[in-house]
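Here the structure is laid out as structure tokens; the discussion comes afterwards.
Quick caveat, the model's predicted, so the values are computed rather than measured. Side-chain atoms are counted along with the backbone in the values below, which use heavy atoms only and exclude waters and symmetry mates. We number each residue from 1, following the sequence as shown.
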Amino acid sequence: MLFFSARFIDKFGEDVSSRKIKVILKEIIDAEDKTKPLSDGDISKQLAERGMSVARRTVAKYREQLSIPVGRIRKEL
């Protein structure tokens, strides 16, 4: 039995797996300013800047799959 991950095409026409996007999403969140955490929309924009067009809803889905809370919960004072 084969399992397939969702695939996206970057701005260069190359395949980008959902696993790779999740890794990059985690890197973005790990590097964020913890006093002003990024929203899912902001993360989507940063992914787009890296050439990966990923909808905000998809970012939210992947963030939840990685057990990463929403920005207001990640906020540190």
Non-hydrogen atoms of D40 and A60 that approach each other most closely:
OD2-CB, 3.2 Å
Closest heavy-atom contact between P37 and G71?
CG-O, 3.0 Å
Contact check, side chains of I43 and V54, non-hydrogen atoms, under 4.5 Å
no
Do L38 and I29 have side chains that get closer than 4.5 Å, going by heavy atoms?
no
Of all pairs that satisfy side-chain hydrogen bond (donor to acceptor under 3.5 Å, both in side chains), the ones with a partner from residues 68-77, not counting sequence neighbours:
E32-R74
Measure the [atom1]-[atom2] distance between [X] and [Y] for me, rounded to the nearest 0.5 Å.
{"X": "T58", "Y": "Q65", "atom1": "OG1", "atom2": "CD", "answer": "10.0 Å"}
{"X": "Y62", "Y": "R19", "atom1": "OH", "atom2": "CZ", "answer": "11.0 Å"}
{"X": "R63", "Y": "S39", "atom1": "CZ", "atom2": "OG", "answer": "10.0 Å"}

Can you name the residues that form a side chain to side chain donor-acceptor pair (under 3.5 Å) with S67, not counting sequence neighbours?
none
Report the residues that fulfil side-chain contact (heavy atoms from CB on, under 4.5 Å) with L66, sequence neighbours left out, ordered by chain and then residue number.
K22, L25, I68
Fellow cluster residues of V70, listed by chain then number, with links counted only when side-chain atoms sit under 4.5 Å apart
I73
If the condition is salt bridge (charged side-chain N to carboxylate O under 4.0 Å, His left out), which residues does D30 pass it with, not counting sequence neighbours?
K26
Taking it one step at a time, do I28 and D42 satisfy side-chain contact (heavy atoms from CB on, under 4.5 Å)?
CA-CA 10 Å; I28 290 170; D42 294 333; over 6 Å; no
Under the criterion side-chain contact (heavy atoms from CB on, under 4.5 Å), I'd like the reasoning laid out for I24 against Q46: C-alpha separation, chi angles, the key distance, then a yes or no.
CA-CA 10 Å; I24 295 169; Q46 285 199 16; over 6 Å; no
